2 protein chains.
Amino acid sequence: MQNALQRFKADIFQALAHPTRIAIVEILREDEVSAGAILERLGVEQANASQHLAVLRARQIVVNRKEGNQVFYSLRSHRLTEVLDIMRLYFEEHLSEVTEMLTEIRLQASPSDVSPEEEQ
Amino acid sequence: MQNALQRFKADIFQALAHPTRIAIVEILREDEVSAGAILERLGVEQANASQHLAVLRARQIVVNRKEGNQVFYSLRSHRLTEVLDIMRLYFEEHLSEVTEMLTEIRLQASPSDVSPEEEQ
DNA sequence: TTCAAATATTCTAAAAATCGAATATACTTA
DNA sequence: TAAGTATATTCGATTTTTAGAATATTTGAA
């Protein structure tokens, strides 16, 4: 059972391990959105968007509903948006660490200027 | 910037997208642990464990400290353990949905048996 | 019907991830 | 210094992921 949980987590993370799929989940954060509208916002090839949606569907991260001509997607659970929110915090913390580090480097190197390649 | 954040998230998820690496992060949840001890608990090849640790290091998910002969690993931030906790909830919710679904199927099909292909 | 729109699937080539085997590096101790 | 222990890296083969092109499927409308 222990392993099953780890495999499950790894599978979900794998499904989220692509910027386009992150973008899709974020598009679906609030409402249900049609495949066409998702495609439009992503700005990628239709087939490609559809493949990424298929990955998310396979892992049951998204759910879809057919209405006439269109297919509307939505998140199956909002747990994953919690996860994305934490990731944003993590990113921001990470960022501030990096900038703190750079500030320290600059202070050590003062008073003369920091060369361009040390910025980031 | 929007895209940078999405790429960042995807990168972190990619780093976590393997059961062995999930296991490593969970081993490090509480304390700092030596590479050898991690290896022992994982039960994989030494080289393989080291490769997975390298992936986690590259993404700065873990941090290491050298002490004599050994290398001690720890989590750089505890945000990711929050993420793993949410994933456990998500898994449990997922599980109960599946079992509820199976129960419904059984109730609908009662009293006679369900034929194999009618199961999800 | 026939056509067009929305979406999904299949195919193929290229890139990336994974594993174990072999090897390298860095310490420690004899 | 030489040998041993702990850990990391490189290499080669295999598998998986990815993107775009082409094609298929489903549905609504003429």
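Everything numeric here is computed off the predicted structure, so don't read it as measured data. Letters go in sequence order (proteins before strands), and every chain restarts at 1.
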What contact category does A:Phe72 fall into here, base, sugar-phosphate, or nothing, at under 4.0 angstrom with non-hydrogen atoms?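 Touches nothing.
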
Salt bridge (Lys or Arg N to Asp or Glu O under 4.0 Å) partners for [X], two or more places apart:
X       : answer
B:Glu67 : B:Arg65
A:Asp11 : none
B:Glu45 : none

Taking 4.0 Å as the cut-off, does a side-chain nitrogen or oxygen of B:Arg57 come that near to OP1 or OP2 on D:dT9?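 B:Arg57 to D:dT9 OP1/OP2: side-chain N or O found under 4.0 Å.
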
If you compare every side-chain N and O of B:Tyr73 against the phosphate oxygens of D:dA8 (OP1, OP2), does one of them come in below 4.0 Å?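 True: B:Tyr73 side-chain N/O within range (under 4.0 Å) of D:dA8 OP1/OP2.
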
With sequence neighbours excluded, what pairs up with B:Tyr90 under the ring-ring contact (aromatic ring centres under 6.0 Å, His included) test?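 By the ring-ring contact (aromatic ring centres under 6.0 Å, His included) rule, B:Tyr90 matches A:Phe8.
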
Contact list for DNA chain C against residues 48-56 of chain B - heavy-atom distance below 4.0 Å: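 Heavy-atom contacts with DNA chain C come from B:Asn48, B:Gln51, B:His52.
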
Looking at DNA chain C, which of residues 11-22 of chain A put a heavy atom within less than 4.0 Å of it?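 Heavy-atom cutoff 4.0 Å gives no residues at all.
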
Are any non-hydrogen side-chain atoms of B:Val63 and B:Ser74 less than 4.5 angstrom apart?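 Touching, per the 4.5 Å side-chain cut-off.
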
Which side-chain N or O atoms in residues 33-42 of chain B pair as donor and acceptor under 3.5 Å with protein atoms at least two apart or in another chain?
unit_1, atom_1, unit_2, atom_2, d
B:Ser34, OG, B:Ala37, N, 3.1

Figure out the [atom1]/[atom2] separation between [X] and [N], and round it to whole Å.
X       : N      : atom1 : atom2 : value
B:Asn64 : D:dA6  : CG    : P     : 17 Å
A:Leu42 : D:dA19 : CG    : C1'   : 14 Å
B:Arg7  : D:dT18 : CZ    : C1'   : 17 Å
A:Arg65 : D:dT27 : CZ    : C1'   : 15 Å

Restricting both atoms to N or O, compile the protein contacts to nucleotides 4-6 of chain C shorter than 3.5 Å, with distance only.
none

Under the side-chain contact (heavy atoms from CB on, under 4.5 Å) rule, what do A:Glu26 and B:Lys9 come out as? Steps first, then yes or no, please. CA-CA 12 Å; A:Glu26 288 178 347; B:Lys9 289 174 181 174; 2.6 Å; yes

With sequence neighbours excluded, tell me which residues meet side-chain contact (heavy atoms from CB on, under 4.5 Å) with [X].
X       : value
B:His18 : B:Thr20, B:Arg21, B:His52
A:Ile86 : B:Arg79, B:Glu82, B:Val83, B:Ile86
B:Val25 : B:Leu16, B:Leu56, B:Ile61, B:Leu75, B:Leu84

Minimum heavy-atom separation for A:Ala15 to A:Arg59, with atom names?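 Result for this residue pair: CB-CG, 3.6 Å.
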
Please report the shortest heavy-atom distance between B:Arg57 and B:Ser50, naming the atom on each side.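 Of all heavy-atom pairs spanning B:Arg57 and B:Ser50, the closest is NH2-O, 4.1 Å.
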
End axis versus end axis in the helix from C:dT1-D:dA30 to C:dA30-D:dT1, the angle rounded to 10°, five pairs used at each terminus: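 Comparing the axis at each end, I get an angle of 10°.
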
Pairing donors with acceptors under 3.5 angstrom, does anything connect the side chains of B:Arg29 and B:His78?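 Judged by distance alone, the side chains do not pair up.
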
DNA chain D: 5'-proximal contact among A:Gly68 and A:Gln46 (nearest heavy atom):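 Residue closer to the 5' terminus by nearest nucleotide: A:Gln46.
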
